[in-house]
Amino acid sequence: MADITITLPDGSTRDVPKGTTAGEVAASIGRGLAKAALAATVDGEVIDLDRPIEHDASIAIVTPDTPAGREVLRHSTAHVLAQAVTDLYPGAKYAIGPAIEDGFYYDFELPDDARFSDEALGRVEARMREIVKADQPFERSEVGRDEGLAQFADQPYKRDIIEKVDASEIGASEVGEGTVVSLYRNRRNPTGGDGGDAFVDLCRGPHVPSTKRLGAFKLTKVAGAYWRGDEHGPMLQRIYGTAWESKQALEEHLHRLVEAEKRDHRRLGAELDLFSFPEEIGSGLAVFHPKGALVRKIMEDYSRQRHEAGGYSFVNSPHITKSNLFETSGHLDWFADGMFPPMTLDEGGGGVGTKYYLKPMNCPFHILIFRSRQRSYRELPLRMFEFGTVYRYEKSGVVHGLTRVRGMTQDDAHIFCSKEEMAGELHSLLIFVLELLRDYGLNDFYLELSTKPPGKGVGTDEEWEEATDALRAAAQAMGLELTLDEGGGAFYGPKISVQARDAIGRTWQLSTIQVDFQLPQRFDIEYVGADNERHQPIMIHRALFGAIERFFAILLEHYAGAFPMWLAPVQVTVLPVADRHDEYAVQITDRLRSQGFRTEMHDAHTDTLGARIRDAKMQKVPYVLVVGDDDIEHGTVGVNERGSDEPRRGVPVAELVDQLTTAAAARA
RNA sequence: GCCGGGGUAGCUCAGCUGGUAGAGCAGCUCACUCGUAAUGAGCAGGUCAGGGGUUCGAGUCCCCUCCCCGGCUCCA
């Protein structure tokens with residue numbers, strides 16, 4: 001039999017007989033590698049270890065402690081989950097069960113509309129451990145489409161996937177190509193003859209050689225999920241789990257979850273007394289407490305300052321309006337679901353009355369300001385800025401802390417400019433956005449460009465193309481990673497969104513910059529050009545924070561509650577050691593306050609020094625000062641800087657003030 | 001909106017199969033006056049989310065509404 005040449009990751013090559021399996025290649029390299037191997041990458045495609053290699057190829061062995069290895073492990077664990085569920089719930093239908101970030105899930109439909117309870121998770125997990133122990137091999141086979149349909153005669157979701165395989169990408173990724181589908185089966189009695197199939201799934205693979213290779217997993221939660229993500233389709237029962245290459249990696253993952261929970265903005269909001277959601281007000285409606293409102297004010301003040309310098313005009317508009325405004329804007333046609341229902345006023349004899357709506361967006365108001373008189377090209381670009389509070393009737397299941405609320409304030413602006421100005425305006429706008437966000441401590445961004453949705457969209461193709469090109473050019477000029485969201489734009493224009501990664505690597509959509517072809521038309525706004533003709537301006541919507549509430553939450557989590565000096569609601573806490581030091585402590589406090597530092601004093605009457613230090617530390621105050629006899633004598637303070645557990649004694653007050661001044665100016 | 005889990009003192013939670021509500025922390029008062037992450041004692045605090053029902057009796061069982069949590073769908 002002819003030999004083939006395989007190339008290993010280190011560049012070395014070896015000749016092996018055609019049909020050698022990836023597992024055999026691993027064994028030929030080393031026993032340890034063979035033992036660790038889960039799958040193999042052959043010419044970039046991850047396949048099972050027992051699949052023969054038929055031609056020259058680059059091959060890499062996939063081990064558990066790699067991203068590819070974990071994916072195989074998680075996917076295989078999902079199969080074990082499905083087997084456990086079908087064992088415990090005869091008649092259960094299984095749908096899809098992919099690996100996801102940090103874990104996996106599997107969707108089921110249980111007989112008689114049964115549901116998983118939290119206790120059921122424990123039983124399922126116990127059954128999974130039995131399956132792992134049983135050391136069932138994963139066996140791949142390929143069958144024709146019809147045979148596949150027959151195999152899953154009583155599995156409607158699998159049949160659906162096979163039937164839609166040619167039409168749907170999801171299907172293709174599940175089963176492979178063409179009219180052949182691949183199956184993976186686990187046999188009940190791997191060693192002692194044919195005990196029949198324990199579980200067969202439609203799957204592209206690859207999988208670990210046998211279930212005993214799994215083990216460091218844990219089922220985490222049950223949830224509902226729509227079949228194929230369609231909210232009009234059936235609701236399935238989903239079980240989520242996490243799986244890792246070792247017990248230790250699993251423990252570390254669980255520990256990370258605990259740490260992430262500690263920086264949850266809802267928790268920090270209560271602990272640091274920043275905001276709350278009184279039940280009396282209603283879902284998704286926050287109140288900001290003094291410290292939270294102070295942080296928010298600092299955020300807003302700085303933003304105003306930057307906008308003023310950036311050539312924006314400040315405007316204001318009311319929270320409610322007669323319905324005709326949103327009829328003209330089209331919001332009642334395409335955004336009515338997101339709006340609070342109207343209140344009807346002045347129902348006189350006729351009982352007709354006038355409907356007023358809470359505004360879900362600020363744009364129509366700004367347009368009315370533009371339209372309040374005739375505009376000249378000399379005024380363009382006209383940039384109107386407002387911290388505009390809007391209300392959106394979010395569906396009850398989606399409200400979430402400050403990141404998804406029903407009442408929020410946008411740092412909203414609308415830029416009216418000529419067609420010719422658009423590209424330059426977008427370019428400078430993007431620079432403005434990124435600079436501002438960096439000032440708030442976010443540094444890791446990527447951009448996303450959303451283009452015309454297929455089959456719909458106002459404006460001509462040329463207009464779309466021009467605006468999209470201008471957005472793309474502006475984005476590319478930033479030198480950041482740019483992803484394409486093909487067809488993801490709104491029907492009224494393309495957009496760029498700025499995505500930011502926070503301190504623990506989560507990404508958040510922040511700023512959106514949206515070109516709008518529709519509203520200028522609907523409101524028929526125009527300006528007089530240098531040619532003395534009337535022209536329709538281009539309109540750009542943009543919000544940099546998105547919503548202040550959300551941005552507040554993102555910063556709070558980004559900093560884990562430890563706001564940098566310039567944002568910290570309390571910058572300095574002064575602690576006299578004993579009552580006799582009060583007078584000196586007051587002097588220090590007054591001096592720092594007069595220099596503009598937000599300073600509090602907690603006297604010795606309230607608690608021991610240790611307790612007061614602990615309190616201030618837990619409130620994440622950047623500087624905790626302790627003053628006692630020595631300090632009075634020498635005109636110094638004891639300085640506890642946040643993040644350091646070594647206090648400095650005897651620091652001259654002038655030196656402290658210098659340090660505080662530097663820290664506050666650093667904006668970081 | 002949909003699926004699942006919840007709502008007991010300001011916070012975190014206990015309260016078995018229905019039999020008259022409890023702890024820690026926080027708060028207040030008093031004592032302590034202390035040099036770097038919790039001093040001690042005492043006091044006060046709850047229409048058990050709200051409403052209806054079953055029952056001799058409901059925090060506990062049933063129904064409705066509100067609110068929260070985890071997902072799905074949607075989104076700043």
Side-chain angles (χ1 to χ4, degrees), chain A residues 105 107 110 113 115-121 220-240 261 264 266-267 270-271 273 276-285 335 337-338 360-361 390 392-406 408-412 490 497 508-512 514 541-551 553-554 575-582 603-619 624-631 637-640 644-650:
Chain A
Y105 67 79
D107 287 345
L110 299 183
D113 267 345
R115 312 287 182 206
F116 291 115
S117 62
D118 284 347
E119 301 85 83
L121 272 192
T220 50
K221 54 204 172 196
V222 288
Y226 298 106
W227 169 236
R228 291 192 185 280
D230 175 5
E231 66 176 314
H232 303 294
M235 169 69 71
L236 304 176
Q237 299 286 305
R238 174 173 297 177
I239 292 180
Y240 281 94
E261 209 174 296
D264 187 310
R266 294 165 299 182
R267 175 180 173 142
E271 284 174 1
D273 196 14
S276 62
F277 292 90
E279 203 181 303
E280 292 82 344
I281 300 177
S283 185
L285 299 166
F335 202 72
D337 286 350
M361 294 188 192
V390 299
R392 297 185 185 174
Y393 188 74
E394 298 292 348
K395 289 191 283 185
S396 64
V398 307
V399 294
H400 179 92
L402 286 177
T403 60
R404 196 74 185 273
V405 292
R406 284 179 167 168
M408 60 175 161
T409 301
Q410 297 181 305
D411 60 330
D412 206 4
S497 56
W508 301 88
Q509 181 181 319
L510 292 173
S511 320
T512 56
Q514 172 109 40
H541 305 245
R542 43 114 289 179
L544 308 193
F545 297 158
I548 293 166
E549 288 80 1
R550 165 187 268 192
F551 193 65
I554 292 167
L575 305 176
V577 173
D579 285 350
R580 65 179 180 280
H581 310 121
D582 278 4
D603 65 45
H605 191 69
T606 55
D607 245 321
T608 60
L609 182 63
R612 284 176 290 146
I613 287 172
R614 179 171 190 268
D615 206 46
K617 291 271 188 188
M618 301 237 294
Q619 288 295 306
V624 180
L625 308 183
V626 174
V627 295
D629 293 331
D630 298 350
D631 297 298
V637 293
V639 179
N640 283 273
S644 155
D645 36 345
E646 279 190 40
R648 286 180 289 145
R649 290 282 299 271

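Predicted model, so just to flag it, every value in this text is computed and none were measured. Here is how names work: the chains are called A, B, and so on, in the same order as the sequence lines, proteins then strands, and each is numbered from 1.
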Donor-acceptor pair present, A:H605 side chain and B:rU33 base, under 3.5 Å: yes
Sugar-phosphate, base or nothing in reach of A:R404, heavy atoms under 4.0 Å: base
Rounded interatomic separation in angstrom, taking CD from A:E280 and P from B:rG7: 18 Å
Identified pairing partner of B:rG22, criterion: Watson-Crick or G-U wobble below 3.5 Å: B:rC13
Sugar-phosphate, base or nothing in reach of A:R580, heavy atoms under 4.0 Å: sugar-phosphate
Polar side-chain contact A:Y226-B:rG1 base: donor and acceptor under 3.5 Å: yes
Non-neighbouring partners of A:R238 that pass salt bridge (Lys or Arg N to Asp or Glu O under 4.0 Å), sequence neighbours left out: A:D107
I'd like a table of atom pairs between the protein and nucleotides 3-5 of chain B - only N or O on both sides, under 3.5 Å - with the distance next to each one.
from	atom 1	to	atom 2	distance (Å)
B:rC3	O3'	A:R115	NE	3.4
B:rC3	O2'	A:Q237	NE2	3.0
B:rC3	O2	A:G224	N	3.1
B:rG4	OP1	A:R115	NE	2.9

Sugar-phosphate, base or nothing in reach of A:G233, heavy atoms under 4.0 Å: nothing
Touch class at under 4.0 angstrom, heavy-atom based, for A:D631 against every strand present: base
Sugar-phosphate, base or nothing in reach of A:T403, heavy atoms under 4.0 Å: base
Sugar-phosphate, base or nothing in reach of A:Y240, heavy atoms under 4.0 Å: sugar-phosphate
Integer-rounded Å distance: B:rG1 C1' and A:D230 CG: 13 Å
P gap between B:rC67 and B:rC62, integer Å: 22 Å
Touch class at under 4.0 angstrom, heavy-atom based, for A:D630 against every strand present: base
Atom-to-atom span, NE2 of A:H400 to P of B:rC69 - whole angstrom: 7 Å
Sugar-phosphate, base or nothing in reach of A:D337, heavy atoms under 4.0 Å: nothing
For B:rC43, the Watson-Crick or wobble partner whose two distances fall under 3.5 Å: B:rG27
Sugar-phosphate only, base, or nothing, as touched by A:A604 at under 4.0 Å among non-hydrogen atoms: base
Touch class at under 4.0 angstrom, heavy-atom based, for A:L609 against every strand present: sugar-phosphate
Residues in ring-ring contact (aromatic ring centres under 6.0 Å, His included) contact with A:Y393, at least two apart in sequence or another chain: A:F340
Touch class at under 4.0 angstrom, heavy-atom based, for A:G628 against every strand present: base
Under-3.5 Å donor-acceptor pair between A:R614 side chain and B:rA38 base: yes
Between P of B:rC34 and CG of A:D607, the distance in whole Å: 15 Å
Using nucleotides 63-66 of chain B, report all nitrogen or oxygen pairs with the protein that are shorter than 3.5 Å.
none

Touch class at under 4.0 angstrom, heavy-atom based, for A:K617 against every strand present: base
Under 3.5 Å on both distances, the Watson-Crick or G-U partner of B:rC32: none
Distance, rounded to the nearest Å, where A:M361 contributes CE and B:rA76 contributes P: 7 Å
5′-ward residue of the pair A:G638/A:M408 relative to RNA chain B: A:G638
Residues which pass salt bridge (Lys or Arg N to Asp or Glu O under 4.0 Å) with A:D630, listed by chain and number, not counting sequence neighbours: A:R649
Whole-Å gap separating C1' (B:rC74) and OH (A:Y393): 14 Å
CG on A:L575 to OG1 on A:T606, rounded to 0.5 Å: 8.5 Å
Listed partners of A:W227 passing ring-ring contact (aromatic ring centres under 6.0 Å, His included), at least two apart: A:Y157
Sugar-phosphate only, base, or nothing, as touched by A:V405 at under 4.0 Å among non-hydrogen atoms: base
Sugar-phosphate only, base, or nothing, as touched by A:R542 at under 4.0 Å among non-hydrogen atoms: nothing
Donor-acceptor pair under 3.5 Å, A:Q514 side chain vs B:rA76 base: no
For atom OH of A:Y105 and atom C1' of B:rU73, their distance in whole Å: 13 Å
Whole angstrom value for the distance that separates P of B:rC75 from CG of A:L510: 17 Å
Base-pairing mate for B:rU60 - Watson-Crick or G-U, with both contacts under 3.5 Å: none
Backbone of A:G338 reached by a side-chain donor or acceptor of A:R392 within 3.5 Å: no
Under 3.5 Å on both distances, the Watson-Crick or G-U partner of B:rG4: B:rC69
